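As the structure is a prediction and not an experimental result, all values here were calculated from the model. Chain A is the first sequence line, chain B the second, and so forth, proteins listed ahead of strands; every chain is numbered from 1.
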2 protein chains.
Amino acid sequence: MATIDDVAKAAGVSTSTVSYVLSGKRPISAPTRARVERAIEKLGYRPHAGARALASSRTNVIALMAPLRVGVSVPVIMQFVAGVVTRARDFDHDVLLLTQDDVSGLDRVTSGSMVDALVMMDIEADDPRVPLVAAAKQPTVLIGLPQDPEGLSCVDLDFEAAGRLAVRHLVKAGHTDVALIGSPPEVLRRHTSYAERLMRGLRDQAKSSGVTVKVEACDSTPAGASEAVDTLLATAPETTGIIVHNEGALPHVLARLAERGAVVGTDMSVVAVCPTDVALSQRIPMTSIDLPAEDIGKVAVDMVMTRLEGEQPSETRLLAPVLTERESSAYGPAAGHD
Amino acid sequence: MATIDDVAKAAGVSTSTVSYVLSGKRPISAPTRARVERAIEKLGYRPHAGARALASSRTNVIALMAPLRVGVSVPVIMQFVAGVVTRARDFDHDVLLLTQDDVSGLDRVTSGSMVDALVMMDIEADDPRVPLVAAAKQPTVLIGLPQDPEGLSCVDLDFEAAGRLAVRHLVKAGHTDVALIGSPPEVLRRHTSYAERLMRGLRDQAKSSGVTVKVEACDSTPAGASEAVDTLLATAPETTGIIVHNEGALPHVLARLAERGAVVGTDMSVVAVCPTDVALSQRIPMTSIDLPAEDIGKVAVDMVMTRLEGEQPSETRLLAPVLTERESSAYGPAAGHD
DNA sequence: TTAGCGTGTTGAAACGCTTCGACGATCGTG
DNA sequence: CACGATCGTCGAAGCGTTTCAACACGCTAA
């Protein structure tokens, strides 16, 4: 492999000049720059990442900690990851992938100066990783909200607003008894905050709109979905509007409703909280509040990059939810069917 | 951050001694080792990854190129990735994630000495990346098979054997007219070899077993699945055994069959080729040939690590398919219903 | 007694880059 | 015309490791 010295020699300049051509940190005359660039081209020169990291204490790599296992819906994770990776490339950075459970990995990449910054997904209310990254010298952005975001930067969908929005949509359509089919019990037990935030918004809006709201946890399996539907319709048979916030269960919820003879979009309005592509790949196109996972990933990278240049105060960004009406929701019992 | 010199000073030894304690490449007496280890502990010392890479030309990072976009089924990708990342950790390596379309990324991480080795997923028959990695100095393992695997190491499920196995299973159960509902047309157009290999096995076995086999491409959408089922049953109404190799479409295929009044597991036998968890999360537990994505990822890492120590000849490993009988397949028309 | 060996440790030379301070040349300004 | 800026370039000092050659020491074998 050619080194920077080889390039310098070939171009008839000093090493530092080559470096400055590459980094643009000092002015270089056009002819010199041209000679250097030609030499780089000819030799196929690439700076050695390690040497660069050593000299500059910048690796141009960011760490992304993602839950590669069960729990959160897989397509959502992939979209986050895709967003992070592509946006990182826009900033000339690569992405080192860590698994959620590899807590020691945080220290490894952090203290070992392997990365310039961190993005962590799927933050729980009382996440053990939060104190670790707070102590690290690298800037960090969390996707999701911990209990106490003090001093940390976070980004997420505004689930509370999403909850309100979903209820308002159903209320406006004339529904007076709505329900949530939500996350699996184990997610709730972990106090993953998005579930709780959605519920808070839901209940707030239900209260102020004067409608009832029933909440069912739901395993992401056919059996779990059936059970949730059955329990719901047994204990709250007057329900005509359902919000589903559980992608894995969504198809099975719809299947179960169909089995029970409820026509979604007519007898029963269903609003999903999920990525748009998931909403569109159900048996009928779902009215949904988009979970813009890829965007969130991109915003996370933007935030982390901002913090990489110059000190920025920590901030929390909650993306406004957008509801798109499709065929799964319709006018309810109390509405004028115009 | 403490450096190796700080540690050496604190332990009263030379720098090199600390290095040898860390690497174990030279014998160190027990007392010295203990002193050094205590100093490391006390100072919270971590070697600087860049410095290490520079001096040793080893980064302890491998690159993983994954299709973060559409096409291949998302859960499968995640499982590959999880397998690669966890196994890499067993070898004390981290994983740098590249997207499939970032072809220039190959050169970047390769020539820039960012990684020790490469794993690439979702290889197409005539993949533009293959010549690039063949030229790289880092060992590479491909997940999937290119047209000409000469000199490259590959690992994949033995899809040809899987095709044969699926047909044999159906034939043994008495079916004489079987069909494949396969990958989306665009996957076939890209000549992703697994689709073609499966079909080859299918046809071979059908021929030697004397049964007919009809093949339908299928989009991974509700509409695509319905269309595939309808076309199939219109052009080959005698079909009683279906092999589905398209996870995205699988639930919709089952739904469409149900709509048409075909009872899967009784009127119609269905064998899926997909990860076990997908097979289990359908409306009924599917007889399936497992796609052991996580295992394949692990094997890929094993192979790449073997090549990292000492020159190994290139090799191709095809994992034997395993069929698990569940409730979606049953005895067909020609069988003795015992 | 001495040559030779293995063990444990050291010093110093890389590894390939960035960046600081310095310096000559060119420029505008009073 | 002299002065200080500004511009373009250079040399050299790091950055934090690994690893090689060398050496001191205590043994064993001849």
Do the side-chain N or O atoms of B/R52 get closer than 4.0 angstrom to the phosphate oxygens (OP1, OP2) of D/dT18?
yes
Phosphate oxygens OP1/OP2 of C/dT19: is one of them under 4.0 Å from a side-chain N or O of A/K25?
yes
Is it the case that more than 12 heavy atoms not belonging to B/E309 sit under 6.0 Å from its CD atom?
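More than 12 within 6.0 Å, yes.
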For the pair [X] and [Y], find out whether any cationic side-chain nitrogen is under 4.0 Å from an anionic carboxylate oxygen.
X	Y	result
A/D122	A/R190	yes
B/E315	B/R307	yes
A/D90	A/K298	no

Hey, does the side chain of B/T3 reach the backbone of B/D5 with a donor-acceptor pair shorter than 3.5 angstrom?
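Yes: the side chain of B/T3 pairs with the backbone of B/D5.
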Tell me whether A/Q100 contacts the main-chain N or O of A/M121 through its side chain, where contact means a donor paired with an acceptor under 3.5 Å.
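Indeed, once roles are kept as given, a pair shorter than 3.5 Å links the two residues.
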Taking [atom1] from [X] and [atom2] from [N], how many angstroms apart are they, rounded to a whole number?
X	N	atom1	atom2	value
A/M114	D/dG16	CE	P	17 Å
B/I28	D/dT19	CD1	P	14 Å
A/M1	C/dG16	CE	P	11 Å
A/R35	D/dT9	CZ	C1'	11 Å
B/N60	D/dT18	CG	P	11 Å
A/H48	D/dG16	NE2	P	17 Å

Between [options], which one does the side chain of [X] approach most closely?
X	options	result
A/L54	D/dC15, C/dT9, D/dT17	D/dC15
A/T32	D/dT17, D/dT9, C/dT18	D/dT9
B/R26	C/dT9, C/dC20, C/dC17	C/dT9
A/A55	D/dT17, C/dC17, D/dC7	C/dC17
A/S29	C/dC17, D/dT9, D/dT18	D/dT9

Just call it for [X]: base, sugar-phosphate, or nothing, with non-hydrogen atoms closer than 4.0 Å on any strand.
X	result
A/R33	nothing
A/P47	sugar-phosphate
A/S23	nothing

Near-strand residues of residues 5-21 of chain B, defined as heavy-atom separation under 4.0 angstrom from DNA chain C:
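Contacting residues: B/V13, B/S14, B/S16, B/T17, B/Y20.
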Please lay out, stage by stage, how B/S16 and B/S19 fare under the test side-chain hydrogen bond (donor to acceptor under 3.5 Å, both in side chains).
CA-CA 5 Å; B/S16 37; B/S19 179; over 6 Å; no
